[in-house]
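Values in this document were obtained by computation on a predicted structure and should not be read as measured data.
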2 protein chains.
Amino acid sequence: MPKKRDPDEGPAARERIVEAAAEVFAEKGFGGARVDEIARRAGINKAMLYYHLGDKRVLYEAVLLHFLSGAWQEIEEAVRVSPSSEGRLQALVKAVSAMAASSPHCPKLMLRELATGGADLPEPVLRGMARIALLTKGVLEEGRRRGSFRKADPLMVHLALVGAVMALNASAPIRQKLKARGIQVVPGMDFSQDVGEFLVGLFLTGLVSGRGDPLRKTTRASGGPKRRPVSTRGAVP
Amino acid sequence: MPKKRDPDEGPAARERIVEAAAEVFAEKGFGGARVDEIARRAGINKAMLYYHLGDKRVLYEAVLLHFLSGAWQEIEEAVRVSPSSEGRLQALVKAVSAMAASSPHCPKLMLRELATGGADLPEPVLRGMARIALLTKGVLEEGRRRGSFRKADPLMVHLALVGAVMALNASAPIRQKLKARGIQVVPGMDFSQDVGEFLVGLFLTGLVSGRGDPLRKTTRASGGPKRRPVSTRGAVP
DNA sequence: GTCTATATACCGATAGAC
DNA sequence: GTCTATCGGTATATAGAC
């Protein structure tokens with residue numbers, strides 16, 4: 001009886017391997033990840049890993065596509081069904097945020113790829129990222145034409161969004177370390193606000209007050225400019 | 001004659017080693033960096049590297065402190081001299097952006113640490129990061145009390161700022177890859193807008209139009225908080 | 001202070017028995 | 001399909017000659 005694992009005890013070998021690989025690649029990076037450790041966490045022999053998936057780079061490609069291939073369609077769909085420019089931008093921000101929040105491994109993998117300049121990115125992943133960047137560009141340019149958005153480089157918006165989303169969603173360990181050094185927002189270690197909603201507010205109207213909360217009137221069409229915000233304060237001497 | 005290197009031909013050994021190490025750590029990460037390669041790029045023998053700096057982890061610590069220790073004071077100073085809440089936030093954004101832009105290695109190193117959850121961060125670096133986060137928190141809470149800012153979790157703002165800044169400043173290789181796949185904003189491969197000014201606009205007023213562009217009223221000099229920055233609309237006498 | 005040579009350990013990948 | 005054993009290559013770190 002060469003088989004020691006009960007075939008009914010969980011997902012198929014390939015699935016378990018990809019999940020374990022995502023964990024280890026996210027923690028250690030492509031170069032730091034050890035195939036032995038991936039095999040161990042998958043509960044499988046290293047030789048079996050090579051038998052099922054191929055070498056380390058093929059494994060990495062499978063991990064990235066596992067996280068990204070589904071998310072792309074959800075992002076495009078979320079943008080497609082929104083009726084206004086602001087709604088589309090809001091949908092884009094929320095969808096990217098949701099993708100990052102869908103797995104703790106996803107934002108870490110993305111941040112590493114940002115740091116390496118995409119050196120380890122396989123071609124299919126690059127094409128998908130280009131699709132999302134083009135989608136962002138389209139949303140922003142249309143909103144700009146309609147007068148809903150001010151002038152901003154679409155690629156910069158895309159990169160700022162990805163960076164902010166991934167940093168926030170990968171920040172739990174850093175938050176814990178900062179918390180031990182004086183940064184404590186609320187008694188718990190979690191954020192005091194929903195990450196997606198925070199990002200929508202940030203990208204749509206920024207931090208300066210004087211405009212209504214964008215979340216309360218999401219489907220406002222692309223009409224003329226909004227009412228000029230009232231500067232609230234005696235803060236200007 | 002054991003010495004092959006002319007002592008006058010450049011900076012001291014330690015400086016050259018740290019610079020080369022920053023380069024390699026930024027490109028390959030802590031686990032992926034090879035001590036041999038650092039020594040080679042520093043134009044020094046590997047044994048000499050150990051003689052001067054100690055082991056790989058001490059070397060990494062020296063690299064991080066080299067980039068961060070000076071930047072912290074500049075950030076705190078830039079915030080300190082700003083006369084208003086909005087001006088302080090603007091100064092903070094610009095100072096963090098300037099730090100990331102000061103060296104191509106800095107944003108890559110920061111993104112990697114975000115991805116690892118600060119696992120490789122030495123204690124002095126962590127304390128410095130906590131200082132900046134606390135500074136951000138103070139700026140936002142004061143602005144909130146004065147009515148200048150809307151409600152937002154200060155730690156989320158800090159992490160979003162760091163993520164966006166580092167992603168934008170480390171994005172040159174990714175931009176080139178995306179450019180080859182249909183994303184081309186302007187003929188050159190550079191952004192069509194200054195990164196610091198884009199970020200100020202994003203964090204202060206977001207992308208939705210209807211408010212005066214805060215960038216038009218900022219002083220041209222980088223980090224110049226001399227003039228009152230933002231609230232210069234005609235409606236506010 | 002500088003360099004060569006090497007100890008020690010580990011990793012990716014495969015061969016081959018079962 | 002599964003596992004053990006191992007090869008070949010390479011990494012960190014140090015010993016020791018000069």
CA sep, side-chain torsions, deciding dist, call: B/Glu37, B/Arg40, salt bridge (Lys or Arg N to Asp or Glu O under 4.0 Å): CA-CA 5 Å; B/Glu37 191 175 2; B/Arg40 186 174 54 76; 3.8 Å; yes
Position toward the 5' end of DNA chain C (nearest nucleotide), A/Phe30 or A/Ala47: A/Phe30
Rounded distance in Å - CE (B/Met48) to P (D/dT14): 15 Å
Whole-Å distance separating the CG atom of A/Leu49 from the C1' atom of D/dC3: 14 Å
d(CZ, A/Arg57; C1', C/dC11) in whole Å: 15 Å
Parallel, tilted or perpendicular, as decided by the 30° and 60° cut-offs, for the rings of B/Phe30 and B/Phe25: parallel
Sugar-phosphate or base contact per nucleotide [nucleotides 7-12 of chain D; S, B, -; heavy atom under 4.0 Å]: ----SB
Spacing of A/Ile44 atom CD1 relative to D/dC3 atom C1', expressed in whole Å: 11 Å
Proximity to the side chain of B/Tyr51 - top-ranked nucleotide from D/dG1, D/dT14, C/dT2: C/dT2
Close side-chain approach of B/Thr136 to B/Pro154, heavy-atom, < 4.5 Å: no
d(CG, B/Asn45; C1', D/dA13) in whole Å: 13 Å
4.5 Å side-chain heavy-atom contact, B/Lys94 and B/Glu197: yes
SB check A/Arg181 B/Glu123 (cutoff 4.0 Å): yes
A/Glu23: which of A/His105, A/Lys108, A/Arg41 passes side-chain hydrogen bond (donor to acceptor under 3.5 Å, both in side chains): A/Arg41
Separation of C/dG1 P from B/Arg16 CZ (nearest whole Å): 12 Å
Separation of atom NE2 in B/His52 from atom C1' in D/dT14, rounded to whole Å: 16 Å
